[in-house]
Amino acid sequence: MEQKPLMLMVRQLDRAWSERLRKISAEAGIPDPYARILAYLHRHPGASQKEISEYAQKTYAAISQTVKELLREDFVRRETDSADQRYAKLYLTEKGQAYALHLREEISKAEARVRLALPAGKEAEIAALLEHLYEAVRKEQ
């Protein structure tokens, strides 16, 4: 049997994992775009919409619309940056924090189940190879 192209396998892995994350979000009752922002703000409190946009690789307009929905549904709150009144920082509300923690726990469980499929002692080696591949693709850009 002919081996699949390496980058096709990487793409299939990415799609499968993204689909699993969407399912985890749906099971938690959270639209996928919300989940990505909640997870980011959980790790980066006070982030700006621009930072979220860059992380999520989505347009600023798309992130802005989702943030408006998150504000309306009390998942996040906005504070004006005291150093520069033109910028706003975003923080999770208590509700947003609870959802973000729940998502993190479910994602961690899914990651642990996936790790069980790896050959014993190979996780660090695989991670290093993936990092090397990532850098090679970045240089290709």
* Less than 4.5 Å apart, any side-chain heavy atom of K50 and any of I63? -> no
* **Side-chain touch F75/Q97, heavy atoms, less than 4.5 angstrom** => no
* Would you say the side-chain atoms of H44 pair up with the backbone N or O of Y40, donor to acceptor, closer than 3.5 Å? -> yes
* In chain order, what residues pass the salt bridge (charged side-chain N to carboxylate O under 4.0 Å, His left out) check against E123, with sequence neighbours excluded? -> R115
* Asked: How far apart are the C-alpha atoms of R15 and E19, what are their side-chain angles, what is the distance that settles it, and do they pass the side-chain contact (heavy atoms from CB on, under 4.5 Å) test?
  -> CA-CA 6 Å; R15 283 185 175 181; E19 185 56 37; over 6 Å; no
* Asked: Just wondering, more than 12 heavy atoms not from E135 lying within 6.0 Å of its CD?
  -> yes
* To do: Answer yes or no: does atom NZ of K95 have more than 12 heavy-atom neighbours from other residues, nucleotides or ligands under 6.0 Å?
  => yes
* To do: Look only at the side chain of T66 and the backbone of P33, and say whether a donor-acceptor pair between them is shorter than 3.5 Å.
  => no
* Asked: Looking only at heavy atoms, what is the nearest atom pair of L38 and A100, with distance?
  -> O-CB, 3.9 Å
* Asked: So do Y34 and V76 actually touch side chain to side chain, heavy atoms under 4.5 Å?
  -> no
* **In one Ile/Leu/Val/Met/Phe/Trp/Tyr side-chain cluster, 4.5 Å: V137, L129** => no
* Under a 4.5 Å side-chain heavy-atom rule over Ile, Leu, Val, Met, Phe, Trp and Tyr, are I126 and L13 clustered together? -> no
* Rounded distance [0.5 Å steps], NZ in K109 versus CD in E106 -> 4.0 Å
* After noting the C-alpha distance and the side-chain angles of I52 and L41, does the key distance pass the side-chain contact (heavy atoms from CB on, under 4.5 Å) rule? -> CA-CA 8 Å; I52 295 169; L41 288 174; 4.0 Å; yes
* Point-to-point distance, once rounded to the nearest 0.5 Å, from CG of L21 to CD1 of I107 -> 5.0 Å
* Kindly compute the distance separating NZ (K89) from CD (E79), expressed to the nearest 0.5 Å. => 8.5 Å
* Measuring from L90:CG to L70:CG, what's the distance to the nearest 0.5 Å? -> 9.0 Å
* To do: Establish whether V67 and Y91 are linked, either directly or via other cluster members, by ILVMFWY side-chain heavy-atom contacts under 4.5 Å.
  => no
* Asked: Is L101 reachable from L92 through a run of I, L, V, M, F, W or Y residues, each pair having side-chain heavy atoms under 4.5 Å apart?
  -> no
* To do: Determine whether R20 and R113 make a side-chain contact, defined as any pair of heavy atoms from C-beta on separated by less than 4.5 Å.
  => yes
* Please report the C-alpha distance between R36 and K58 in whole Å, then the side-chain angles of each, then the deciding distance to 0.1 Å, and finally whether the side-chain contact (heavy atoms from CB on, under 4.5 Å) criterion is met. => CA-CA 11 Å; R36 292 174 190 263; K58 301 287 182 187; 5.6 Å; no
* Hphob cluster co-occupancy, L8 + L6, side-chain heavy atoms under 4.5 angstrom -> no
* **Point-to-point distance, once rounded to the nearest 0.5 Å, from NE2 of H42 to CD1 of I37** => 15.5 Å
* **Close side-chain approach of S25 to L103, heavy-atom, < 4.5 Å** => yes
* CA sep, side-chain torsions, deciding dist, call: R78, Q49, side-chain contact (heavy atoms from CB on, under 4.5 Å) -> CA-CA 10 Å; R78 184 180 311 188; Q49 286 183 195; 3.7 Å; yes
* Asked: Would you call Y55 and R43 a side-chain contact if the rule is heavy atoms closer than 4.5 Å?
  -> yes
* If you round to the nearest 0.5 Å, how far is NE2 of H102 from CD of E27? -> 8.0 Å
